[in-house]
Amino acid sequence: MPSWENNVRKVVPYTPGEQPKIQGLIKLNTNENPYPPSPGVLEALSALEADSIRRYPDPASGALTEAIAAYVGVTPDRVFAGVGSDDVLAMSFLTFFASGRPVLFPDITYSFYDVWADLFRIPYETQKLDADFGIVNRDYFKENGGVIFPNPNAPTGVLKGLEGIREILDHNRHVVVIVDEAYIDFAQDAELVREGSGIPASSALNLIDSYENLLVVQTCSKSRSMAGMRIGYAVGSKKLISYLNDAKYSFNSYTMNQAAIAAGCAAFRDDAWFRECTAKIIRTRERVKKELSALGFTFPDSKANFLFVTHPVLPARELFARLRRSNILVRYFDRPGIDNYLRVTIGTDDEMDALISFLKREVEAL
Ligand code: PMP
């Protein structure tokens with residue numbers, strides 16, 4: 001190795017899901033929303049003027065943080081926007097996990113957490129899930145440098161209720177606790193999404209006024225159908241948000257481009273669209289659960305827009321390959337403990353029907 005290479009920061013990167021451009025592909029591998037974003041989003045994008053592109057965007061993304069703040073019911077100085085929740089989470093690792101003590105997160109979880117920890121030289125300790133893929137609260141009561149977990153967890157879809165989150169927070173008053181709610185909007189029943197307050201009862205957003213050290217991270221990639229726009233956000237106390245901004249302005253002042261700001265504002269203006277699409281996905285998920293059970297598949301009771309499925313006879317690795325050959329793409333993780341599972345994103349009813357028909361033929365051929 002040439003000597004200069006000793007001075008390079010070496011990292012093992014995260015592997016994103018594939019984005020193949022294959023005609024007719026049924027793409028159920030990256031938890032994208034099968035429905036388009038609100039028509040208002042496309043209108044906002046086509047209304048962009050040359051001048052707004054010529055100039056730098058508002059470094060504070062004020063219009064967007066105000067729109068998000070109005071949705072959550074907080075003041076805008078409690079909201080931080082970033083380039084997808086990946087950007088917000090990376091910035092949060094850098095900002096809040098600086099003690100040198102190990103950060104705690106589940107062993108089966110979003111596989112970006114250990115990558116950020118390694119990138120920023122943050123020590124971490126993973127905690128085992130229980131036999132039903134649940135996060136075990138007491139494992140997070142020991143001394144640590146911070147706690148992070150997704151709720152619902154990924155790739156399992158398992159949801160922790162608000163009381164469980166509160167218990168973890170009560171044992172972690174001296175560190176920052178991050179709840180990654182990329183999938184939380186799918187965590188209530190379809191009727192409540194349509195008629196309730198909008199914010200699910202199990203969202204840690206319901207606790208941000210009680211815990212100054214709680215940061216809740218959400219995204220427009222899933223429930224707002226805008227994975228391609230890269231909009232994520234964090235909500236927490238003024239202090240947490242101000243620390244995040246200090247880190248952001250020490251790194252890149254203009255994270256959110258003009259188009260993303262306009263698109264994000266339009267999405268938050270169209271609450272009815274968001275509720276309708278979210279409710280549809282939840283309904284499809286509950287139907288698909290029944291059909292997969294009838295074929296012998298088992299899975300944790302997902303409250304997200306994906307199912308994490310296994311079959312007693314059909315090996316997941318082979319099933320993944322056969323599905324792919326039939327133009328149905330799901331996600332397979334070749335990792336101990338979950339290497340006989342497939343993560344299947346909830347698509348449209350037609351897409352899920354095609355998947356079920358394929359699986360029915362596989363099961364009948366056994
Ligand atoms: N958190 C979790 C748990 C996820 O699964 C994802 C999607 N890969 C993200 C965060 C990041 O999503 P985005 O950057 O698109 O907001």
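One-based numbering, in listed order, for ligands and for the atoms of each.
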Query raised in the report: Just heavy atoms, cut-off under 4.0 Å: does Tyr183 contact ligand 1 by side chain, backbone, both, or neither?
Result: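 Side chain only.
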Report task. Please work out whether any backbone atom (N, CA, C, O) or any side-chain heavy atom from C-beta onward of Asp86 is under 4.0 Å from ligand 1, and answer side chain, backbone, both or neither. Result ->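 It is both backbone and side chain that touch ligand 1.
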Requested in this report: Decide if the gap between the ring center of Tyr113 and the ring center of Phe97 is smaller than 6.0 angstrom.
Outcome: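 When the ring centroids of Tyr113 and Phe97 are compared, they turn out to be at least 6.0 Å apart.
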Requested in this report: Answer yes or no: does an N/O atom from Ser221 fall short of 3.5 Å to an N/O atom of ligand 1?
Outcome: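 Yes.
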**Report entry** Nitrogen or oxygen of Tyr113 less than 3.5 angstrom from that of ligand 1
**Finding:**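 No.
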Requested in this report: Validate the cation-pi geometry between Arg224 and Tyr71: distance from NZ or CZ to the six-membered ring centre under 6.0 Å, angle to the ring axis within 45°.
Outcome: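 Ring-cation test returns yes.
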Query raised in the report: Think Lys222 forms a cation-pi with Phe186, using NZ or CZ under 6.0 Å from the six-ring centre and within 45 degrees of its axis?
Result: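 No; the conditions do not both hold, so Lys222 does not lie above the ring face of Phe186.
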Among all protein heavy atoms in this structure, tell me which lies nearest to [atom], with the distance rounded to 0.1 Å.
atom	answer
atom 14 (O) of ligand 1	Arg230 NH2, 2.7 Å
atom 7 (C) of ligand 1	Lys222 NZ, 3.1 Å
atom 12 (O) of ligand 1	Ser85 OG, 3.3 Å
atom 1 (N) of ligand 1	Asp180 OD2, 2.7 Å
atom 8 (N) of ligand 1	Tyr110 OH, 3.1 Å

Under a 4.0 angstrom heavy-atom cut-off, which atoms of ligand 1 come close to [X]?
X	answer
Thr219	13 (P), 16 (O)
Ala182	1 (N), 2 (C)
Gly84	14 (O), 16 (O)

Requested in this report: With side-chain contact (heavy atoms from CB on, under 4.5 Å) as the test, would you mind laying out the steps for Val72 and Gln218 before giving the verdict?
Outcome: CA-CA 11 Å; Val72 177; Gln218 297 195 349; 5.8 Å; no
Query - Sole candidate of Phe306, Phe133, Phe297, Phe320 that passes ring pair (Phe, Tyr, Trp, His ring centres under 6.0 Å) when paired with Tyr341 - result: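 Testing each of Phe306, Phe133, Phe297, Phe320 against Tyr341, the sole residue satisfying ring pair (Phe, Tyr, Trp, His ring centres under 6.0 Å) is Phe133.
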Query - Residue of the set Phe333, Phe93, Tyr14 for which ring pair (Phe, Tyr, Trp, His ring centres under 6.0 Å) holds with Tyr110 - result: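 It is Tyr14; the other options fail the test.
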Query - ILVMFWY network linking Ile168 to Ile148, side-chain heavy atoms under 4.5 angstrom - result: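 Not linked; separate clusters.
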Query raised in the report: Which class fits the ring pair Phe96 and Tyr243: parallel under 30°, tilted 30 to 60°, perpendicular over 60°?
Result: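 Geometry flag for Tyr243 against Phe96: perpendicular rings.
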